[in-house]
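Read the structure below first, then the notes.
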Amino acid sequence: MTKTNPGNFFEDFRVGQEIRHATPRTVTAGDAAVYQALHGSRLPMHSSDRFAQSVGLPAAPIDDLLAFHVVFGKTVPDVSLNAVANLGYAGCRFGVPVYPEDTLSTTSTVIGQRELSNGKAGVVYVHSVGVNQRDETVLDYKRWVMVRKGDTSAPTPDPVVPELPDSVPVEDLLVPEGLDLSAYDYGLAGSPHRWDEYQVGERIDHVDGMTIEEAEHMMATRLYQNTARVHFNQHVEKDGRFGRRIIYGGHIISLARAISFNGLANAFRVAAINGGSHVAPTFAGDTVYAWSEVLDTAEVPGRRDVGAVRLRTVATKDCGCADFPYKDGEGKYHPAVVLDLDYTVLMPR
Amino acid sequence: MTKTNPGNFFEDFRVGQEIRHATPRTVTAGDAAVYQALHGSRLPMHSSDRFAQSVGLPAAPIDDLLAFHVVFGKTVPDVSLNAVANLGYAGCRFGVPVYPEDTLSTTSTVIGQRELSNGKAGVVYVHSVGVNQRDETVLDYKRWVMVRKGDTSAPTPDPVVPELPDSVPVEDLLVPEGLDLSAYDYGLAGSPHRWDEYQVGERIDHVDGMTIEEAEHMMATRLYQNTARVHFNQHVEKDGRFGRRIIYGGHIISLARAISFNGLANAFRVAAINGGSHVAPTFAGDTVYAWSEVLDTAEVPGRRDVGAVRLRTVATKDCGCADFPYKDGEGKYHPAVVLDLDYTVLMPR
Amino acid sequence: MTKTNPGNFFEDFRVGQEIRHATPRTVTAGDAAVYQALHGSRLPMHSSDRFAQSVGLPAAPIDDLLAFHVVFGKTVPDVSLNAVANLGYAGCRFGVPVYPEDTLSTTSTVIGQRELSNGKAGVVYVHSVGVNQRDETVLDYKRWVMVRKGDTSAPTPDPVVPELPDSVPVEDLLVPEGLDLSAYDYGLAGSPHRWDEYQVGERIDHVDGMTIEEAEHMMATRLYQNTARVHFNQHVEKDGRFGRRIIYGGHIISLARAISFNGLANAFRVAAINGGSHVAPTFAGDTVYAWSEVLDTAEVPGRRDVGAVRLRTVATKDCGCADFPYKDGEGKYHPAVVLDLDYTVLMPR
């Protein structure tokens, strides 16, 4: 018997199963610094303890997406090591902020399962929850992936397809405890534009482009202990579908978020990811650009100091976004688009 | 109206104007580690809390140049996003040491302004001050840049050209409070050579060369939240003047400082930058070397344990420095020279 | 007289000489994060303070090999700057765990010396000891290197060849004080396989491969303040034996250790390195794989919760390890092998 972990195949999952993922992780100021060096975010809430304290937090939390990647990374060895495709996310809600020295761990519950008609693979739906050392939820999302069968003669389970929310309702968004934006300093934040100024339908070209190097995306992905093999092994990938290592989709999300500072400087917190699609793979040498459209704005119940903005951020490669490249008349993506992300941020008002 | 920051153009500045730069930044041991990995400094003062404590400091301060880059980086979006050229520095004085957990922020005052005769751009002079969370000055310098006009029909301001010091006088150098070098351990520092041994006119080849990768200079520059576009976007730069991303000049200063350990191991603190010139751009793949000349030595008023050494450090690319490449008889730089830096260090005596 | 450090030549060493190496180093959570990003280890003992505390440690110690590299790096400027070849290690014993904020320093004693018959170089044997700020030993090893003579007319010293142990006896392995594995959580650790299940002669293919970039190995090596020139200077190395920068052998050890998680997830501590050989150099672009053989298993005297496993881990480049590539019938290494490491780990039982 081998002692290496072959990952789970489609037939290894059953609805209701709980998976306690390995490798709890204490995140530190070191992780925040490596993340900073790799993406270049300028959000003051994550850059300055003093700024965070001026709005009622105990210290600067780590970047919301760093927390996402750490929580997500733990699920890879159990959920998606034998994945053929990552099909989607839904209902991703960010919970209590994560501070340096917090220890994160993740559990998943299988909430759906549907074998393909060809009998070679199936779709697995999981609900994953990341918690800190006080068992407070820091992230909570549903994800579905297509997973190979290891034994194609394994019996076909009864199909269970869970209901998946289109978006996270504004009532479900979590505003960090103690947050009080009355003294939010727009000057130090780098932009005067507050919640009230963002209009539904408004589009923003984030202007800047960032070229990705192999060392960078691999360092990011290892930081998250994400073990998906396609990101790291050129010796195998040179003979693969693209001839190249494929960049972890989450790295593009992080770059798009960092780039979007230019136009969304006061979007101080990602509160939810409603859904998203990695439209095309990216590779080292690609230059990532991004633009955003305001899909909706909403008051946050009970708050006069903070509002929610639902955004679509589109990332492209090797294509500036002054013309807002997206889909053509038939709904087909512009060939430069690599990411189509629907998420909700909090902003001061 | 766009919500992206277009940066300031020449006509947006006026003498006397105060600019409070965005993104306060808490520097951490994480930043110090990333900086260490990128440059490889061996100065014990920044490597070991115990060493720093043995000479009276509370802990190991972060590298002086890391503090410089963080303070400087904040000014880029406001001062030099539309710069045509960085023309010079003067009177750069390092203040109180920066320790992990300190929060840095920067303000600038416009101290001069002179439009070019062609009416398309002008020189802007700023005085920038970086402070910590106790409002103590950590860095203080003057800088002038040539900035494009956004609207060439904007009126020409009265020219104001400030007086700029040739150097920082030794009386103005700050010796960190509490510092007492009587127990300075030359063995742990890696070299027996103290202040008294450095002679005016002495030249030192620092021997080692360091080849730069794209991932490295971009990580460094993002760590400092320096947003100058030429460093990050190969998709645009491939059609630019050099066909390549241009490395942030400060990265070369940091490499030269790290390389200069071999010959200047006891130069434990950069006290001032008197002036400097980025003679030529550098690119990924270049190998940086450095040599130094002692321009002056001075006693520090009231101190028997510490002395000042004024240095010229010259960095080259793809050219060893055994022959001290610098300028020819007509004052033209040797083609390999990329940096000519005039600065003052403190050394134990 | 030059102020640069030329390193020691063969004739500069004498048996009995003590070398106090420079640059004490406070290791931090920042160093741990950079190390994590560069190697991708998933060992919970080094990832999670909570996990480490659940087995009796005060916090997550830094990776054993990060401690090794920091201790070792300090010896390079004094011992191996003029080395022609690194010949071997022996009797390498890991002492007390290293925690963030510990300050490490290293001293070496010359324990042997033997000039080559050609009179141009000689073998130097050193015993190096790394300690923390409480003078507790964190690492202790013997190493021998071939070092050039600076002056070939220098007299030939009497040859002294020390006895070198084949392995570190199990009685000499240090189990960290306070460690109690009774509550070791195999689920969070990511594998159910405990000490009792590993059989002498068992071979494990660690499956995964990791491609190395120039930026990565240079960042790692600078993090350790290892100054060996062949790793950093492409301008010189392009004309060298391989035309390339040579990767620090320790980087391969760290990658092999990280890759070996898949099959050795509960090998929570490297207790000893019995010996090892860098069989062939590696270069950027190489993809490293690894496999391991169980050489021995032993009870740890006085412990029911922890056992020792002696392993041979073989790393290859650009060659998967499903067939366990090693040596042919004549004892010649398979051409893909780059590392042959004999070491001892601790595992829960």
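Heavy-atom basis, side chains included; hydrogens, waters and symmetry copies ignored. In the text below, chain A, chain B and the rest are named by the order of the sequence lines, each starting its count at 1.
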Nearest 0.5 angstrom please: [X] [atom1] to [Y] [atom2], how far?
X: B:His206; Y: C:Thr4; atom1: NE2; atom2: OG1; answer: 9.0 Å
X: B:Thr287; Y: C:Asn233; atom1: OG1; atom2: CG; answer: 5.0 Å
X: C:Gln225; Y: B:Leu43; atom1: CD; atom2: CG; answer: 9.0 Å
X: C:Asn226; Y: B:Arg42; atom1: CG; atom2: CZ; answer: 9.5 Å
X: B:Ile259; Y: C:Phe232; atom1: CD1; atom2: CZ; answer: 10.5 Å
X: C:Thr2; Y: B:Asp205; atom1: OG1; atom2: CG; answer: 7.5 Å

Heavy atoms of other groups near [X] [atom1], more than 12 under 6.0 Å:
X: C:Lys238; atom1: NZ; result: yes
X: C:Gln53; atom1: CD; result: yes
X: C:Asp151; atom1: CG; result: yes
X: C:Arg134; atom1: CZ; result: yes

Measure distances from [X] to the heavy atoms of chain C and classify the residue's part below 4.5 Å as side chain, backbone, both or neither.
X: B:Tyr186; result: neither
X: B:Ala189; result: backbone
X: B:His39; result: backbone
X: B:Leu38; result: both
X: B:Met45; result: neither

State, yes or no, whether a side-chain contact exists between [X] and [Y] at a heavy-atom distance under 4.5 Å.
X: B:Pro44; Y: C:Pro24; answer: yes
X: B:Val207; Y: C:Arg229; answer: yes
X: C:Lys3; Y: B:Ser191; answer: no
X: C:Val236; Y: B:Tyr289; answer: yes

Checking heavy atoms, do the side chain of [X], its backbone, both or neither come under 4.5 Å from chain B?
X: C:Pro77; result: side chain
X: C:Arg25; result: both
X: C:Thr221; result: neither
X: C:His21; result: backbone
X: C:Thr28; result: side chain

Stepwise side-chain contact (heavy atoms from CB on, under 4.5 Å) test for C:Glu213 and B:Glu213: CA-CA 10 Å; C:Glu213 301 298 317; B:Glu213 302 298 316; over 6 Å; no
Derivation of the side-chain contact (heavy atoms from CB on, under 4.5 Å) call for B:Met210 and C:Arg222: CA-CA 11 Å; B:Met210 189 71 77; C:Arg222 283 186 296 244; 3.2 Å; yes
Chain B interface, residue from C:His231, C:Met218, C:Glu237 that has the most non-hydrogen pairs under 4.5 Å: C:Met218
Option in B:Gly320, B:Ala29, B:Gly190 with maximal non-hydrogen atom pairs under 4.5 Å from chain C: B:Ala29
Pairs of heavy atoms under 4.5 Å with chain C: top-ranked of B:Ala33, B:Gly40, B:Ala37: B:Ala37
Side-chain donor or acceptor of B:Ser47 paired with backbone N/O of C:Thr23 under 3.5 Å: no
Salt-bridge present (C:Arg20, B:Asp185; N to O < 4.0 Å): yes
Residues B:Arg50 and C:Glu101 bridged, charged N to O under 4.0 Å: no
Closest heavy-atom pair and its distance - C:Glu214, B:Glu216: O-OE2, 4.5 Å
